[in-house]
There are 2 protein chains.
Amino acid sequence: MQTAPVTPPMDELRRIFREAGLSFTHQRMVLYRAVFAMRSHPSPEAIYDRVRNEIPSISLGTVYKNIRAFMDAGLVREVSPHHGSLRLESNLDEHHHLVCTRCKTIVDLEESDLEPVRLKRQLPGGFRVDRYSVEFRGLCAACAERSNHSD
Amino acid sequence: MQTAPVTPPMDELRRIFREAGLSFTHQRMVLYRAVFAMRSHPSPEAIYDRVRNEIPSISLGTVYKNIRAFMDAGLVREVSPHHGSLRLESNLDEHHHLVCTRCKTIVDLEESDLEPVRLKRQLPGGFRVDRYSVEFRGLCAACAERSNHSD
DNA sequence: CTATTAAACGAGAATAGTTCTCCAAAAGTC
DNA sequence: GACTTTTGGAGAACTATTCTCGTTTAATAG
Ligand SMILES: [Mn+2]
Ligand SMILES: [Mn+2]
Ligand SMILES: [Zn+2]
Ligand SMILES: [Zn+2]
């Protein structure tokens, strides 16, 4: 199970936004609550659909702008660093990935470089696993270098 | 290291395409060779750029059509099942994912449900890891069910 | 090798996801 | 409450991808 999706009270939200450097608006508050109430890794469209129940006049542009504001503030993340464009995998062997979050480079890591992943308990609710892989996110040597310089 | 990216000879390619139910065209052959020569998980645009050296008149549409043909035939895969649309992560705790490749549902798996992932060797070339997560791909209970029926 | 049929190509229109621009409205500040 | 800054809404613009259609190329049969 997961930490319960508790909706923070108004003044707690004010504090969260203040600390994030975001002014407090009605739309932003409703969006924030929606995103944290949906534990389903929602798309902007899905958030829009839900929030329109509460604010029918909200625009999709506002949803996108606030998602970006939340991401920039580190309040949420994106599930995959590779939304946006298709990336092809021609290595059909079991293997893992090193992903540079800055330049989006993806480098293979052989299956045999890792101890096998072991589950402590059964997977929930009859999920049928085809394959798994481990994704290491960070900075490649080149980007780490550039990052040190511009400190 | 990895299996060397050997370019298969012409008649080998003919066989591969035949077995995949794909007719043999010049564009398709050059595209196939490009994709398997690039171990960098290329985007369609990157493949296009490379292939235009050899076939300047090739169209981006042809690149997309053949990528899809290769994917449908199981010759290549896509790196992420979530290109296409942004998906938000509001759970900032370390955790892992169960991803249904059919309905794209993403379910969290707590960090503590897994034995810690251990590397056998050092990571290559100074990659700086921020975090890692394991992605289990397969079919959720609902989709597995539907899949059994329509057999 | 040629005729016939089926599949693929190139060009460009269409669509989906996302960002940008601009002005009016709301929030933050004193 | 007046002034300044940020945000929201509407729609244009942009990027990634798919679709449509007429022409070309490949597969198949004679
Ligand atoms: Mn790979
Ligand atoms: Mn998650
Ligand atoms: Zn990098
Ligand atoms: Zn599913």
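Note on naming: letters A, B, ... go to the chains in the order of the sequence lines (proteins, then strands), and numbering restarts at 1 for each one.
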Seminar exercise, completed: Assert: residue with more 5' nearest nucleotide on DNA chain C, out of B:Ser59 and A:Ser43, is B:Ser59

For this session: Between B:Ser85 and B:Arg28, just flag the one whose closest nucleotide in DNA chain C comes earlier from the 5' side.
Result: B:Arg28

Exercise. If you look at every strand shown and take non-hydrogen atoms under 4.0 Å, does B:Leu86 touch a base, only sugar-phosphate, or nothing?
Worked result: sugar-phosphate

Problem set entry | Nearest-nucleotide comparison on DNA chain D, the residue closer to the 5′ end among B:Lys65 and A:Gly21 | A:Gly21

Exercise. Which sits closer to the 5' end of DNA chain D, A:Leu31 or B:Leu60, going by the nucleotide each is nearest to?
Worked result: A:Leu31

For this session: Taking only the side-chain heavy atoms of B:Ser23 (C-beta and beyond), determine which of C:dA7, C:dC9, D:dT17 contains the nearest atom.
Result: C:dA7

For this session: Could you check which of C:dA8, C:dG28, C:dG10 has an atom nearest any side-chain atom of B:Ser57?
Result: C:dG10

Separation of [N] [atom2] from [X] [atom1] (nearest whole Å):
X       : N      : atom1 : atom2 : value
A:Met29 : D:dT6  : CE    : P     : 22 Å
A:Arg52 : D:dA10 : CZ    : C1'   : 15 Å
B:His26 : D:dT24 : NE2   : C1'   : 14 Å
A:Arg18 : C:dT29 : CZ    : P     : 7 Å
B:Met71 : D:dT18 : CE    : P     : 7 Å
A:Ile58 : C:dA26 : CD1   : P     : 14 Å
A:Ile47 : C:dT18 : CD1   : C1'   : 14 Å
A:Ile67 : C:dT19 : CD1   : C1'   : 13 Å

For this session: State plainly whether the residues B:Arg137 and B:Glu135 are in salt-bridge range, i.e. N to O under 4.0 Å.
Result: yes

Side-chain N or O of [X] versus OP1/OP2 of [N]: is the shortest distance under 4.0 Å?
X       : N      : result
A:Thr25 : D:dT7  : no
A:Tyr64 : C:dT19 : no
B:Gln27 : C:dG10 : yes

Problem set entry | Gap separating the OG1 atom of A:Thr62 from the CZ atom of A:Arg28, nearest 0.5 angstrom | 9.5 Å

For this session: Report, as yes or no, whether the 6.0 Å neighbourhood of atom CD on B:Gln122 holds more than 12 heavy atoms from other residues, nucleotides or ligands.
Result: no

Problem set entry | Neighbour count >12 (heavy atoms, 6.0 Å) for atom CZ, B:Arg15 | yes

Seminar exercise, completed: Residue set satisfying side-chain hydrogen bond (donor to acceptor under 3.5 Å, both in side chains) with A:Asp49, at least two apart, ordered chain then number -> A:Arg52

